[in-house]
Each structure stands twice: as structure tokens, then as C-alpha cells.
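In what follows, chains are A, B, ... by sequence order, proteins preceding strands, each numbered from 1.
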Amino acid sequence: MPPDIYAQPVLNLARALIGCTLLHDGVGGVIVETEAYHAGDPASHSFAGETTRNGKMWGPPGRAYVYRIYGIHWCLNVVGGAEAGAAVLLRALEPTQGLDRMRERRGVTDPRRLCSGPGKLAQALGVSGAQDGLPLDLPPFALLPRAAAAMLATGKRIGITKGADEPWRFGLAGSPFLSRRFPDP
DNA sequence: CCGCTGATAATCT
DNA sequence: GATTATCAGCGGA
């Protein structure tokens with residue numbers, strides 16, 4: 001990705017990532033769903049300031065912020081935004097490469113169930129806390145620009161209680177690989 | 001198709 | 001001690 005992509009306001013970054021391709025060890029696909037979080041946002045881990053867990057959110061942009069949620073799942077974010085303490089949660093991919101590895105890790109075969117949610121995505125790509133802070137433009141990761149313009153859908157973020165009405169979830173309209181459909185306009 | 005529930009542990013108060 | 005940016009499985013319609 002061009003480095004200046006990461007330096008724009010985090011809402012724009014969240015939109016710009018739709019349609020880009022993310023790979024980890026050659027396994028991954030096209031980003032079809034994202035959510036934006038930033039330090040002025042009560043739903044964000046960065047809202048209460050810098051802590052041990054969220055430290056990468058204040059680090060260099062274009063890197064991974066990986067955290068564990070509900071003691072079970074991992075979630076992968078792209079650190080970025082013109083503002084400090086911002087990140088984009090990657091919620092769903094359209095699997096295109098390494099389908100067999102994803103099926104092994106996930107224990108399902110339906111491609112729509114491999115990466116259709118933040119926890120599933122991290123599991124399918126083999127991402128865990130070990131990758132926290134790694135640059136997404138360098139091995140073992142790769143983040144590639146999209147080939148064509150994406151038809152964007154916008155909606156409220158999922159699974160949060162604070163800031164729940166903010167329309168900071170973005171997706172590829174009509175994609176069958178979303179964690180949830182966007183409401184019809 | 002939809003909604004509910006248990007699992008499970010780091011993080012923060 | 002409460003909360004949590006989740007998921008799979010289950011039961012019902």
C-alpha cells in the first residue's frame with residue numbers, strides 16, 4: 001500500500017481498506033468489512049488513554065493491533081488515521097488465497113464461514129497476539145491496493161454498547177462474505 | 001430465517 | 001468484581 005494511505009482520518013482509512021487484499025503467510029483475501037475506532041470514541045479501547053493492551057494504537061500507522069476478546073477470540077486491526085489512538089477493525093474477508101489452510105484452522109468448508117467476522121478472520125489467517133505490532137506491508141503480512149473501485153455500504157457498528165449509533169461500519173455492498181448484511185437503503 | 005445462551009480470561013476499576 | 005470491538009450451537013417459527 002502507498003504509505004500515505006494510513007495517514008488520513010480513520011473513517012477514510014476504514015473506507016479505503018474495503019477491496020484491498022490482506023495476506024498472512026500467503027493466506028487471506030479481499031477486505032469486505034471494516035469498522036473505525038478512535039480516541040474520542042467511547043467504544044474504542046483508546047478512549048481512556050494509553051494502556052498496556054492498546055499501546056500499538058498510538059504507535060506507527062500501518063501496523064497490526066491484535067487483542068483478545070471474551071478470553072477466546074483474536075481481533076486484528078490496522079493502526080492508522082491522522083489522529084492518535086485510532087485503528088480500523090477488520091471484520092470480514094472474501095477468502096481468495098490459501099483456502100485449504102483456512103479450512104483446516106476453522107474446521108468448516110463453506111467459504112462464507114471462513115472469514116465472516118473478526119474472530120473468524122484472525123483464526124483463518126493464523127493471527128494472534130504474536131503478530132501485535134507487526135507492519136502489515138511486510139512479511140509475513142501483505143496488504144495490497146484494490147484493483148477497482150468498491151461499492152460501499154455504511155452502517156452502525158456491531159457488538160458494542162457505547163457509541164452504538166455511530167455509522168462507522170463499512171462494507172462491500174452485497175458481498176456474501178460479510179459478518180452481517182447491511183440494511184437495505 | 002431468527003433469537004438466546006454458554007464458553008472463557010485478560011483488562012480495567 | 002464487572003465488563004467485553006465474539007462465536008457456535010441450539011431451539012423455535
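- Among the protein residues, A:Arg106 comes within range of the sugar-phosphate backbone only, with heavy atoms under 4.0 Å from sugar or phosphate atoms but none that close to a base.
- Under the 4.5 Å side-chain criterion, counting only non-hydrogen atoms from C-beta, A:Asp41 is in contact with A:Arg157.
- Of all nucleotides present, only C:dT6 satisfies the Watson-Crick or G-U wobble test against B:dA7, with each distance under 3.5 Å.
- For the residue pair A:Thr109/A:Arg103, the side-chain donor-acceptor check at 3.5 Å is not satisfied.
- For A:Asp137 and A:Tyr6, the side-chain atoms include at least one donor-acceptor pair closer than 3.5 Å.
- Using a 4.0 Å heavy-atom cutoff across all strands shown, A:Arg91 reaches sugar-phosphate atoms only and no base atom.
- Nucleic acid contact class of A:Ile160 (heavy atoms, under 4.0 Å, all strands): sugar-phosphate only.
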Extract from the structure each pairing of a protein N or O with an N or O of nucleotides 9-13 of chain B at less than 3.5 Å, listing the distance.
{"residue": "B:dC12", "atom": "OP1", "partner": "A:Thr51", "partner atom": "OG1", "Å": "2.4"}

Q: Please lay out, stage by stage, how A:Tyr67 and A:His45 fare under the test ring pair (Phe, Tyr, Trp, His ring centres under 6.0 Å).
A: CA-CA 10 Å; A:Tyr67 66 90; A:His45 291 168; 4.5 Å; yes

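- Note that CG of A:Asp132 is 4.5 Å distant from NZ of A:Lys56, once rounded to the nearest 0.5 Å.
- Comparing A:Gln123 and A:Glu35 against DNA chain C, the residue whose closest nucleotide sits nearer the 5' end is A:Glu35.
- Reading DNA chain C from its 5' end, the first and the last nucleotide to sit under 4.0 Å from a heavy atom of chain A are C:dT4 to C:dA8.
- Side chains of A:Gln123 and A:Arg106: a donor-acceptor N/O pair is present below 3.5 angstrom, by distance only.
- Comparing A:Arg113 and A:Ala43 against DNA chain C, the residue whose closest nucleotide sits nearer the 5' end is A:Ala43.
- The shortest side-chain heavy-atom distance between A:Val88 and A:Val10 falls under the 4.5 Å cut-off.
- Using a 4.0 Å cut-off between charged side-chain N and carboxylate O, A:Glu166 and A:Lys156 make no salt bridge.
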